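Values in this document were obtained by computation on a predicted structure and should not be read as measured data. Every chain is numbered from 1 and lettered A, B, ... according to where its sequence line falls, protein lines coming before strand lines.
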There are 2 protein chains.
Amino acid sequence: MKSPLEKARDAPDSTKARTLKVARRIFGEYGFHGTTTRMIAQESGVDISTLYYHWGDKADLYEAVVTDIDEDLRLQLRRVEERVAGRTLAERLDIAIDEMTDYLLVHPEVSNLVLLRYFAKTRAEPITDLRVPSFVSSIARAMKLAEKDEPVSPEARMQVLAIMNAIYNFVSGQEFFQSVVGVDRDRYVTLTKETLKFIFIPAFAGEKSFVSMTNRKEA
Amino acid sequence: MKSPLEKARDAPDSTKARTLKVARRIFGEYGFHGTTTRMIAQESGVDISTLYYHWGDKADLYEAVVTDIDEDLRLQLRRVEERVAGRTLAERLDIAIDEMTDYLLVHPEVSNLVLLRYFAKTRAEPITDLRVPSFVSSIARAMKLAEKDEPVSPEARMQVLAIMNAIYNFVSGQEFFQSVVGVDRDRYVTLTKETLKFIFIPAFAGEKSFVSMTNRKEA
DNA sequence: CAATGTTTCCAACAAATGATGGAGAAAAGA
DNA sequence: TCTTTTCTCCATCATTTGTTGGAAACATTG
């Protein structure tokens, strides 16, 4: 038995699948309260009541979007994980930054939605949780910041969050930051990757990187 | 002749000043569309029409909030700049991270509002621009990422944005990230500072930091 | 084909929300 | 004190927004 969400994924041309895709984009751009059901219906070329027929009320649709995005992100993280297996830490970071940046630039609503859930409250808190905690652990393990079968330390979790957030920020803030930096889109993408590597590779794979974080008092 | 905003700042107990303060907080928590004028009025203990009397319509009030926050942030950046003058780059980073983190934790609506303006569209785009571009340049100069009277390079701008965003994210995402990391608030604050230093000090002041990212002028 | 189930749209409603006019209270100025 | 100005609230309005009932169109099954 398939869940409604899985059904929508199966038939990508169906009205239901199309409305979900549009909802992802618009919720990602305007946030929960900035999005109206009419905006989604109109962009989908569908009557508003059709939306309610398929997805229930606005909060239900939003939950479906969050679940859908979480699943996409999980798959993408797994792909990257496979791609970097067996490499050195510096190489893994290099590849992961490239791949995640490229992926998110094609699906900006993913990072948009994640960031908005981090930073903006909704008046009636939605029920669905992001699967960020499990993603963070799995990335920390892939980076060998934790031993297999050992719990991932708070330090390692914070470091993973810092990396993920830095990528999300540059992707979702593209429009704004591009104008601050004063470059065109291609250059911005290149600069994003270069900057991320410039910052993170020394910290995790530089010469001093095995001096543990907590013992490091000076600099 | 004083602007209305300056007047509100002068008399911190006035209704007008109080409503602005409440508006800062609520716009920061819920974003523009997630905030209703009634929420602000109620939290301020004031009738809704009093709000309109003082500030004009919702967009006008929002603009006043943005301007107000921009000014606070500018002052804080200047304070930090003075505090770190004459030190080494590693020390400057160390101090700046501590100071900015502490400041933003006391005024979380500042980073909330900035981040929401980066990442969330509003249906009717507000007119006021954040003064981020000028802040970025001035920080880059303070970090000696650019020579005096020379334009600040795109590379340097990106690096400054990365630092600012990392701090903003950990402060504004505190509630969410704290639960991901599984620590109490005090520990989270400590971890935030440690993680930021762990990441940024090697990149900018570590041994390999003079291998230029492109053609970064060093200190 | 007939009958049944599914999908879509039109029209409408109720609540929430942004906004205002006007009366009175409070403060400032004469 | 009287007058004028500033401020606050109550009542109300118009629009937007979330949501639904029901009829028609379409598809599926017997």
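Looking at every heavy atom in both residues, B:Asp70 comes nearest to B:Asp129 through OD2-O, 3.9 Å.
Rounded to a whole Å, the NZ atom of B:Lys16 is 12 Å from the C1' atom of D:dT6. For the pair B:Trp55 CH2 and D:dT8 P, the computed distance is 12 Å after rounding to whole Å. Atom-to-atom, CG of B:Asp57 to P of D:dT15 comes out at 16 Å; the value is rounded to the nearest Å.
Of the candidate nucleotides C:dT8, D:dG18, D:dT6, C:dT8 has the atom lying nearest to any side-chain atom of A:Tyr53. Taking only side-chain atoms of A:Lys58, from C-beta outward, the nucleotide of D:dG18, C:dT7, D:dC9 with the closest atom is D:dG18. Side-chain proximity of B:Arg123 to the nucleotides D:dT17, C:dG21, C:dT8 is greatest for D:dT17. Comparing C:dA19, D:dC10, C:dC9 by their closest approach to the side chain of B:Ser49 singles out D:dC10. Taking the side chain of A:His54 as heavy atoms from C-beta on, and the options C:dT8, D:dT20, C:dG18, the nearest nucleotide is C:dT8.
In this structure, A:Thr15 does not reach the C:dT7 phosphate: none of its side-chain N or O atoms is under 4.0 Å from OP1 or OP2. A sub-4.0 Å separation between OP1 or OP2 of D:dT20 and a side-chain N or O of A:Tyr52 is absent.
Within a 6.0 Å sphere centred on CZ of A:Arg79, other residues, nucleotides and ligands contribute more than 12 heavy atoms.
Under a cutoff of 6.0 Å and an axis angle of 45°, A:Lys58 and A:Phe32 form a cation-pi pair.
Annotation: ring pair (Phe, Tyr, Trp, His ring centres under 6.0 Å) contacts involving residues 178-197 of chain B, sequence neighbours excluded, are absent.
B:His33 pairs by the ring pair (Phe, Tyr, Trp, His ring centres under 6.0 Å) definition with nothing, not counting sequence neighbours.
Using bins of under 30°, 30° to 60° and over 60° for the plane-to-plane angle, the ring pair A:Tyr168/A:Tyr118 lands in the tilted bin.
Within residues 29-48 of chain A, the residues approaching DNA chain C are A:Arg38, A:Val46, A:Asp47, by heavy-atom distance under 4.0 Å.
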